[in-house]
Amino acid sequence: MVANISFPRFLKLGAGAVEELGSVLTDLDVQRPLLVTDKFMVGNGSADRLLKIIEAAGKHGAVFSETVPDPTTASLQAGVDAVLAHSADVIIGFGGGSPMDTAKALAVLTKQGGEMRDFKAPRVYTGPALPIVAIPTTAGSGSEATQFTIITDVATDEKMLCPGLSFLPIASIVDSELTMSMPARLTADTGVDALTHAIEAYVSKKANPISDGLALSAMRTIGRYLLRAYRDGSDREARENMMHASTQAGMAFSNASVCLVHGMSRPIGAHFHVAHGLSNAMLLPAITAFSIPGAPARYAECARQLGAAERQDSDEHASAKLIEFIDTLCADVEVPSPSTYGIDKARWDELIPLMAEQALASGSPSNNPVVPTADEIAELYRRIF
């Protein structure tokens, strides 16, 4: 199998890196950036800080702050209008996964036209798009380094995976200082999201030597620093390391793809408006247990990298320790079940057949070590409730 490896053209990494935004724009030879963010980043002054950096570089910037959590096809039109009104020649995604997903979608729609459903998997889009600069403020989605965007189709309640090199940022700025104010809940959800990316990239049927190295490094770091960042948000060492691990995990799954957790997670987010990282966390223990028989040696190595197992442990023993580790981690960071989160059981049960169908249609389950049937996915949804 030939692996196709793609990364941002360049990446600025380190505390204070956001101050390099002006030089990034100059290097890209762009003049009219549109900063795509949310109201929170406007309200806390972060968007204005970036605008001043943009202006100091002699660029003419504007802000679009109407992004929404888990962006939808309906939420994109105002952004398209903003890009066109500003005559933007570059899109800057600034925030968590949702602003970056929005930025990626706008970069394609304003150049190519059409509807987002035109770009969903299995189509892989590599056509015209505005250049994207990604500046994450959470340590989890890894979107700053991926060739994917996730947009919910309001007509079908389907959370669409839209892949292709045109969605890959041309440049990323990864500054751990931007994550220092993340609350504990968001730290947990995004941190387990990054862990899920690393594990799924490593066990994916599309894994390759490059993605393996990134995924294993991310796991080692997450195993050491996630709980520290969750318990003490002022721990700069933990914040910086989690930011690095998130980007590594993003690079890993962008080049190896994700698997069953993500396939089942997207319908939960679309139908019940559960944040992506949290829905991944809800699913990770049960789906890992389901999938281990398909790649016991790979899952055992995950356990060893996370510090859950010793090098001398057998693969069977190490895999069992991985399940224990994930269960304990999710308990330590207080990941709720769908039931304790407040989802209505009758509605959950009613939607299981549709969610199973949507999970399979996404294509992600086909990368899983154990490729499930629709009935097996339905049973997993019932089990995790």
Side-chain angles (χ1 to χ4, degrees), residues 21 24-25 28-55 57-120 123 125-137 141 143-144 147-171 269-270 273:
L21 175 57
V24 168
L25 298 175
L28 294 176
D29 194 24
V30 292
Q31 305 301 323
R32 301 183 64 82
L34 180 70
L35 187 67
V36 175
T37 188
D38 56 33
K39 292 186 181 299
F40 178 78
M41 302 309 292
V42 171
N44 69 10
S46 296
D48 186 59
R49 175 189 176 194
L50 263 63
L51 269 184
K52 289 178 179 176
I53 296 172
I54 291 168
E55 291 167 0
K59 313 299 181 183
H60 182 56
V63 176
F64 174 72
S65 62
E66 302 303 312
T67 66
V68 299
D70 296 318
T72 68
T73 49
S75 73
L76 295 177
Q77 186 55 54
V80 170
D81 294 342
V83 175
L84 297 176
H86 185 57
S87 299
D89 58 0
V90 62
I91 309 294
I92 303 173
F94 178 50
S98 293
M100 286 191 286
D101 278 344
T102 300
K104 292 178 176 185
L106 297 181
V108 167
L109 288 176
T110 53
K111 289 293 283 187
Q112 180 63 23
E115 304 288 340
M116 278 312 297
R117 65 181 64 91
D118 300 332
F119 302 97
K120 74 175 184 177
R123 182 180 183 184
Y125 180 69
T126 59
L130 288 173
I132 304 158
V133 176
I135 308 175
T137 61
S141 77
S143 187
E144 68 275 7
Q147 51 188 306
F148 307 112
T149 190
I150 308 292
I151 304 293
T152 299
D153 188 337
V154 295
T156 60
D157 273 342
E158 177 187 2
K159 209 166 188 179
M160 301 180 295
L161 172 66
C162 303
L165 286 177
S166 300
F167 296 106
L168 179 68
I170 193 169
H273 308 293

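Just so you know, residue 1 is the first one in the sequence shown, and it goes up from there.
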Inset, instruction - Kindly write out the residues that satisfy salt bridge (Lys or Arg N to Asp or Glu O under 4.0 Å) with E66, not counting sequence neighbours, or none if the list is empty. - result: K39
Legend entry - Reported CD-to-CD1 distance for the pair E144 and I135, which is rounded to 0.5 angstrom: 11.0 Å
Legend entry - Side-chain donor/acceptor of R117 to backbone N/O of D153, under 3.5 Å: no
Legend entry - Side-chain heavy-atom pair P163, Q147 within 4.5 angstrom cut-off: no
Inset, instruction - Output yes when a side-chain donor or acceptor of S65 lies under 3.5 Å from a complementary backbone atom of V42, and no otherwise. - result: no
Inset, instruction - Taking the side chain as every heavy atom from C-beta outward, state whether P33 and L25 have any atom pair closer than 4.5 Å. - result: yes
Inset, instruction - Check whether any side-chain heavy atom of L21 lies under 4.5 Å from a side-chain heavy atom of I54, and answer yes or no. - result: yes
Legend entry - Point-to-point distance, once rounded to the nearest 0.5 Å, from CD1 of I132 to CG of L168: 7.5 Å
Inset, instruction - Nearest 0.5 Å please: distance from the NE2 atom of H60 over to the NE2 atom of H86. - result: 5.0 Å
Legend entry - Test item: D118 side-chain N/O and E115 main-chain N/O as donor-acceptor pair under 3.5 Å: yes
Legend entry - Flag side-chain contact, heavy atom, 4.5 Å: T73 against T152: no
Legend entry - Closest non-hydrogen atom pair between P131 and I170, with its separation: CB-CG2, 4.0 Å
Inset, instruction - Ignoring hydrogens and angles, tell me if any N or O in the side chain of T149 forms a donor-acceptor pair with the backbone of D101 under 3.5 Å. - result: yes
Inset, instruction - Search all heavy atoms of A103 against all heavy atoms of I91 and return the closest pair with its distance. - result: CB-CG2, 3.6 Å
Inset, instruction - Check for a donor-acceptor pair, side chain of T126 on one end and backbone N or O of S166 on the other, with a separation under 3.5 Å. - result: no
Inset, instruction - Could you name each residue pair satisfying side chain to side chain donor-acceptor pair (under 3.5 Å) that touches residues 105-114, not counting sequence neighbours? - result: Q112-Y125
Inset, instruction - For the pair T102 (side chain) and S98 (backbone), establish whether a donor and an acceptor sit closer than 3.5 Å, ignoring hydrogens and angles. - result: yes
Inset, instruction - Compare every heavy atom of S143 with every heavy atom of F148, then report the nearest pair and how far apart it is. - result: O-OG, 4.5 Å
Legend entry - Reported CG-to-CZ distance for the pair L35 and F94, which is rounded to 0.5 angstrom: 6.5 Å
Legend entry - Rounded distance (nearest 0.5 Å) linking atom CD of Q31 with atom OG of S87: 13.0 Å
Inset, instruction - Give a yes or no on whether a salt bridge exists between D70 and K159, defined as a side-chain N under 4.0 angstrom from a carboxylate O. - result: yes
Inset, instruction - Would you name the heavy atoms of A47 and T37 that are closest together and state the gap between them? - result: CB-CG2, 4.3 Å
Legend entry - Donor-acceptor contact below 3.5 Å, side chain D89 vs main chain V30: no
Inset, instruction - Identify the two heavy atoms, one from A171 and one from V24, that lie closest to each other, and give their separation to 0.1 Å. - result: CB-CG1, 3.9 Å
Legend entry - Student check: side-chain heavy atoms of M41 and T137 closer than 4.5 Å: yes
Legend entry - Pairwise distance OG(S46) to CZ(F40) - rounded to 0.5 angstrom: 7.5 Å
Inset, instruction - Compare all side-chain heavy atoms of L130 with those of V108 and state whether any distance is below 4.5 angstrom. - result: no
Legend entry - For the student: nearest non-hydrogen atoms of I151 and T72, plus distance: CG2-C, 3.7 Å
Legend entry - Residues which pass side-chain hydrogen bond (donor to acceptor under 3.5 Å, both in side chains) with D38, listed by chain and number, not counting sequence neighbours: none
Legend entry - side-chain contact (heavy atoms from CB on, under 4.5 Å) evaluation trace for M116 with L109: CA-CA 7 Å; M116 278 312 297; L109 288 176; 3.7 Å; yes
Inset, instruction - Answer yes or no: is there a side-chain heavy-atom contact under 4.5 Å between T67 and V36? - result: yes
